[in-house]
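Numbered from 1 within each chain, the chains take letters A, B, ... in sequence-line order.
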Protein chains: 2
Amino acid sequence: MARAHPAPVVTATLPLSPPPGPRQQRLLLVLREAGRELSARELHQLLEAAQEQQGLATVYRGLKLLQRAGLVRCRRLVNGESVYAPLERDQHHLTCVQCGSSEPLPICPLGGSGLGLTKVLLQGFQPLFHTFEIHGLCARCQQLQAPGHG
Amino acid sequence: MARAHPAPVVTATLPLSPPPGPRQQRLLLVLREAGRELSARELHQLLEAAQEQQGLATVYRGLKLLQRAGLVRCRRLVNGESVYAPLERDQHHLTCVQCGSSEPLPICPLGGSGLGLTKVLLQGFQPLFHTFEIHGLCARCQQLQAPGHG
DNA sequence: GCTAGAACGACAACCATTCTCACTCCTGAG
DNA sequence: CTCAGGAGTGAGAATGGTTGTCGTTCTAGC
Ligand SMILES: [Mn+2]
Ligand SMILES: [Mn+2]
Ligand SMILES: [Zn+2]
Ligand SMILES: [Zn+2]
């Protein structure tokens, strides 16, 4: 019977592609062991230190594969560089438009409520991950920008 | 003028800075008249066509001022360029990690529920705007990536 | 009119990312 | 085993949006 389902939320998706090759698995492992988001260059350097070097171009290629496989998420910092993290680490940020600092924000807009991200809205689009960010002024930059600075 | 503001929620914030100068007001006007997000270069060219040219560096400077004043929002496209829109236009997107296409997503994670963006969470951070994006594969790229392609 | 400081604009510099292309490695056929 | 084909790789060049530099122009105050 077609009962009124609580709208099957379509995010937190299943992997699409077959498991990636060994190079990509190494990338994923390093990302999982790191406690934070890593840039492509950091990843490249960490691999180098671990005697498993991969050319920077290869790192970028691998990260793109992992994204398409639904294993890695990515966001761009204000300074232009992209940072990567495992998909299962669901983390968002407060980012200062002035100094670019970015600190964790312990909420997720899709977390509890579900938000009703139905297939109707997605219309054939296959979601892999989401980004949510609040941009504004950090406490320090507010003071520096304040009119009466003393 | 004074648009209805629905929100007890802490986002959709009040302007912080004094009203910007005439150059910035022109930028804001063009952004409001355009039906879509504009890049700095597009803005520069539109102003040129309207006999109100501003150097590209000045356009960037003005956009940063408008952001800090709580009048303009900004997001980065996959190809690296930033696009700008008036703050009151609350729009989010589905973005393809493969081809970079980005189509509107008619929901906002802060819209109805409020999400509980309390001052406790923000801890002195002054929110100006937010970005929310679902990244994945558009219908076309799913087909091209499919295993049995025919 | 004159001066100090802010705003401006043309252009150079920056730098993360992507592209190029020669080379290596793997695989399957013979 | 030998070899051809193709995918994967890596070093370096190219790309391009954004930011920095710095001499010029505008503005306000006297
Ligand atoms: Mn989340
Ligand atoms: Mn919104
Ligand atoms: Zn700041
Ligand atoms: Zn696509």
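Using a cut-off of 4.0 Å between Lys/Arg side-chain N and Asp/Glu carboxylate O, B:Arg41 and B:Glu81 are scored as not salt-bridged. A salt bridge links B:Glu88 with B:Arg32: at least one charged nitrogen is closer than 4.0 Å to a carboxylate oxygen.
Between the CG atom of B:Asn79 and the C1' atom of C:dT17 there is a distance of 12 Å, given to the nearest Å. Between the CD atom of A:Glu42 and the C1' atom of C:dT17 there is a distance of 16 Å, rounded to whole Å. Taking atom CG on A:Leu63 and atom P on D:dT9, their separation rounds to 13 Å, with Å as the unit. In this structure, CD of A:Gln98 is placed 12 Å from P of D:dT19, rounded to the nearest angstrom. One interatomic measurement links the two molecules: CZ of A:Arg41 to C1' of D:dG12, which rounds to 13 Å at whole-angstrom precision. As a whole-Å value, the separation of A:Glu48 CD from D:dT9 C1' is 15 Å. When the C1' atom of C:dC8 is taken as reference, atom CD of B:Gln24 falls 11 Å away, rounded to whole Å. The interatomic distance linking B:Leu43 (CG) with C:dG9 (P) rounds to 13 Å, in whole Å.
Taking 4.0 angstrom as the limit, A:Lys64 places a side-chain polar atom (N or O) nearer than this to OP1 or OP2 of C:dT18. In terms of phosphate contacts, A:Tyr60 brings a side-chain nitrogen or oxygen within less than 4.0 Å of OP1 or OP2 of C:dT17. Considering only side-chain N and O atoms, A:Ser82 lies under 4.0 angstrom from the phosphate OP1 or OP2 of C:dT17.
One cannot find a donor-acceptor pair under 3.5 Å joining the base of D:dG17 and the side-chain atoms of B:Arg76. Applying the 3.5 Å distance criterion, the base of C:dG9 shares a donor-acceptor pair with the side chain of B:Arg61.
Using a 4.5 Å cut-off between side-chain heavy atoms of Ile, Leu, Val, Met, Phe, Trp and Tyr, with links allowed through other members, B:Val30 and B:Val59 fall into the same hydrophobic cluster. One hydrophobic cluster holds both A:Leu46 and A:Leu28 under the rule that ILVMFWY side chains link at heavy-atom gaps under 4.5 Å.
Counting only heavy atoms from C-beta outward, the side chains of A:Thr131 and B:His135 approach each other to under 4.5 Å.
Here the side chain of A:Thr58 is nearest to one of D:dT9, C:dT17, D:dT18, namely D:dT9. Taking every side-chain heavy atom of A:Ala57 into account, D:dG12 is the closest of C:dG9, D:dG12, D:dG17. Comparing C:dT17, D:dG17, D:dT9 by their nearest atom to the side chain of B:Glu81 picks out D:dG17.
At the heavy-atom level, B:Ser39 lies nowhere under 4.0 Å from the strands shown.
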